[in-house]
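Taking it in order: structure first as structure tokens, then the write-up.
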Amino acid sequence: MMADKGIKRSSMDNESSSDPKRAKTDAKYNKYLAHYDDNDAQNGNGFSSPLDQLQRHKTTAEQAAKCEDSDLNPWTGQPHSQQYFNILQTRRNLPVCQQRKEFLEMYHKTQILVFVGETGSGKTTQIPQYVLYDELPHQTGKLIACTQPRRVAAMSVAQRVANELDVELGQEVGYSIRFENKTGPKTMLKYMTDGQLLRESMHDHEMSRYSTIILDEAHERTLATDILMALLKQIAERRKDLKIIVMSATLDAQKFQTYFFGAPLLAVPGRTHPVEIFYTPEPERDYVEAAVRTVLQIHATEPEGDVLLFLTGEEEIEDACRRINLEVDDMIQESDAGPMRVYPLYGTLPPAQQQRIFDKAPEPLRKGGRPGRKCIVATNIAETSLTIDGIVYVVDPGFSKQKIYNPRSRVESLLVSPISKASAQQRAGRAGRTRPGKCFRLYTEKAFKKELIEQTYPEILRSNLANTVLELKKLGVEDLVHFDLMDPPAPETMMRALEELNYLACLDDDGELTELGSRASEFPLDPALAVMLISSPEFYCSNEILSITSLLSVPSIWVRPNNARKRADEMKQQFAHPDGDHLTLLNAYHAFKGAEQSGADVKQWCHEHFLSPRHLMSADNVRAQLKRIMETHDIELISTPFQDKNYYTNIRRALLAGFFMQIAMRESSNSKVYKTVKDDQLVMIHPSTVITSPYDWVVYNEFVLTTKQYVRTVTNIRPEWLLEIAPVYYDLEAFDKGEIKSALTRITDKIRRRQAMKGGA
DNA sequence: GAGCACTGC
């Protein structure tokens, strides 16, 4: 572990300057603090305030409440608005408010605290404020951070809390997410994504800006949360002044307690309505069919209330929606059923269509007729990311698509798998948000009890960890084996990650971070992409590789509606480059920028060309961020002139600087099957490719496992480039016997002969 | 000649 002296010392310095007395003395000598008036300033805010009565880490619930009740806002000195008092009323009715005293007493006594609160307890908005009144950040100059797994949550909760505290968002209360930092010099309480805090700590290993870190939604066990927990566990030993609160929904609270040195636990009940659970007596063979039937059954027999059905993916959802719609039409004709509006909901749906799920349920078809309802058919997105009020019936077939990682073949893929008990409970809970509800589980009670696992495996056990290992190295974690993760990944996954990073020259043979690795970790990218980007000036095409990298980091820019596939494919042909998909992406991006610069209506232009304006603009956003990072690291931005015959060749060569491990060779002439280098997987080029020629060697961006094994986003390359650009990986001495080795050996021999001839002449 | 669960930097 890296408890080096330099770090210790700096944390001590922070400690002493955070002493309120010292801060005050400093202020006297600081001519820049012109606003500081010693006469009436007790609190550093420049006015007297009820906060002056408070002592850091000694605030009682009563004192804090008194501050909140006062006419003047203790944080700004401005009078409280009427709205403030209205909200205060509702805040005081939240379940968590009952335990403010208990919370503070516990918080005073302990460094780490586990807080459990179910939905509706108010923990996400209130706990950080309770901490605020106890940490008194205006005295210490340190912030309180509260992390969220998702951006929208960080933004919306920050806005809510700003309203509750009667301050402007971005001032005393702010948020920080990728592409948007809405905080300022006055900010005391900062909501942020867990990934954002992780990124910050790469440059501040002690998290010295913060007095308190609250990890919210820890039960979701995102990769970032898991790493933050392990880091905080270490930092807590070095920084005794740092307080940590881990907040979770009930389920595995004890696991968190045990992990954090037996930290004390405080639990607050939620505010939800009871949900009655029904199981099928026999297992269902076709869960989509069973789900459709159940929805119709509810519509025919149950009282008013909306329905939420969980399915696994876009295709399944669209299919189910169609079937439900057809059947409901029949029901209306035949048995005078009420109207039902069916909405699909999944992540790749455009936001405007996602919004439609909040439309009101339809009115009865005639006055006094059977009530209408809406039915939402959703992926897992409705389990965590989106809450829909008014749901009374949940239909849960018990499956979801989950990412799995196979370290042996180094392939991440999506697989329809049974959900966990925790997920099933979460889904059922969606029925009880506004009134008592019902949940229909399309599996047997026995299956629920015996076959479902307790918790979904945390992300860290299901991912390629190359990126994570690089981050950890940059975070100063020397000893990965003893890095105390809550659920340590399989040794093989770790080994694979280390091996990959070593080949990319991000880690040396001793596993130490190299200069390249250190630079690569600065980019919010997978290591291969980062290395490609950093190397690109050597190939005189960093501008172009920057664009390609950005395009590869966002969802596909190609739009292909079911009713216009042919036209979409034709349009794509306009951008096609014969050498492959990477260059085609670049062409489309350049055309998009051209349209933008000529003042065209970009949305209209994209629509005509079957391109996604949303994803192109987000690629542009990513590009700007990556460009800034390149500039700060003096990575040159250059292009080969477009007229130069090597314009595209240089780009193809540059791709190999990062992706030399993702190469496939054609099995034999007139075969469509390729074999991947070193992994020896048989693959086909994904049908979405623009490539029509039977190239012998290709570089690919990703390996996808669906009905067949495919490589997707593919570009033609020359094998001799591999030997030149990645000589270590293509050291033929160490290569396994096979066609690929023989082919490469022939090429090496040819090159040698050519060089010998040149030398001889 | 196929498909992209969901996040995040």
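All chains are named by letter (A, B, ...) in the order of the sequence lines, taking the proteins before the strands, and each is independently numbered beginning at 1.
If you check every strand for non-hydrogen atoms under 4.0 Å, A/Arg150 touches sugar and phosphate atoms only. Among the heavy atoms of the strands, none lies under 4.0 Å from A/Phe523. Residue A/Leu414 is in base contact, counting any heavy-atom pair closer than 4.0 Å across all strands shown. Using a 4.0 Å heavy-atom criterion, one finds that A/Leu223 contacts no nucleic acid atom at all. In this structure, A/Ser400 reaches neither bases nor backbone, as no heavy-atom distance under 4.0 Å exists between it and the strands shown. Contact annotation for A/Gln402: no contact, since no heavy-atom pair falls under 4.0 Å across all strands.
Separating the NE2 atom of A/His615 from the P atom of B/dC4 is a distance of 14 Å, rounded to the nearest angstrom. For A/Asp194 and B/dT7, the CG to C1' distance is 9 Å, given to the nearest whole Å. Residue A/Gln426 contributes atom CD, which lies 15 Å from atom P of B/dT7 at whole-angstrom precision. Between the P atom of B/dA2 and the CD atom of A/Gln709 lies a distance of 15 Å, rounded to the nearest Å. Atom CD in A/Glu220 sits roughly 14 Å away from atom C1' in B/dA5 (whole-Å rounding). What separates CD1 of A/Ile691 from P of B/dG1 is a distance of 16 Å, to the nearest Å. Rounded to whole Å, the distance from CZ on A/Arg462 to P on B/dA5 is 15 Å. Between A/Leu465 atom CG and B/dG8 atom P the separation is 20 Å, expressed in whole Å.
Annotation: of the two residues near DNA chain B, A/Glu471 and A/Lys401, the 5′-most nearest-nucleotide partner is A/Lys401. Both A/His686 and A/Phe179 sit near DNA chain B, but only A/His686 has its closest nucleotide nearer the 5' end.
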Exercise. Do A/Gln455 and A/Arg221 pass the side-chain hydrogen bond (donor to acceptor under 3.5 Å, both in side chains) test, and can you show the C-alpha distance, the side-chain angles, and the key distance before you say yes or no?
Worked result: CA-CA 10 Å; A/Gln455 295 284 332; A/Arg221 302 291 307 278; over 6 Å; no
Exercise. Could you walk me through whether A/Tyr589 and A/Asp620 pass the side-chain hydrogen bond (donor to acceptor under 3.5 Å, both in side chains) check?
Worked result: CA-CA 9 Å; A/Tyr589 177 72; A/Asp620 229 13; 2.5 Å; yes
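Regarding contacts with the backbone of B/dA2, a side-chain N or O of A/Tyr710 is found under 4.0 angstrom from either OP1 or OP2. For the OP1/OP2 pair of B/dA2 and a distance below 4.0 Å, the side-chain nitrogens and oxygens of A/Lys708 include at least one atom meeting the criterion. The side chain of A/Arg151 contributes an N or O atom lying less than 4.0 Å from OP1 or OP2 of B/dC9. An OP1 or OP2 oxygen of B/dG1 is reached within less than 4.0 angstrom by a side-chain nitrogen or oxygen of A/Lys672. Considering only side-chain N and O atoms, A/Arg712 lies under 4.0 angstrom from the phosphate OP1 or OP2 of B/dC4. Contact check, A/Thr193 against B/dC9: a side-chain N or O comes under 4.0 Å of OP1 or OP2.
When each of A/Gln159, A/Gln148, A/Lys182, A/Glu180 is tested with A/Tyr175 by the rule side chain to side chain donor-acceptor pair (under 3.5 Å), just one qualifies, namely A/Glu180. When each of A/Arg712, A/His686, A/Gln662 is paired with A/Glu702, the side chain to side chain donor-acceptor pair (under 3.5 Å) condition holds for A/Arg712 and for no other.
Judged by atom type and distance alone, A/Arg560 reaches the base of B/dA2 through a side-chain donor-acceptor pair under 3.5 Å.
Nearest to the side chain of A/Glu459, among B/dT7, B/dA5, B/dG1, sits B/dT7. Residue A/Ser556 places its side chain closer to B/dC4 than to any other of B/dA2, B/dC4, B/dC9.
Salt-bridge formation is detected for the pair A/Glu459/A/Lys403: a Lys NZ or Arg NE/NH1/NH2 atom is positioned less than 4.0 Å from an Asp or Glu carboxylate oxygen.
Counting only distance, with no hydrogens or angles, the side chain of A/His219 and the backbone of A/Ala249 share a donor-acceptor pair below 3.5 Å.
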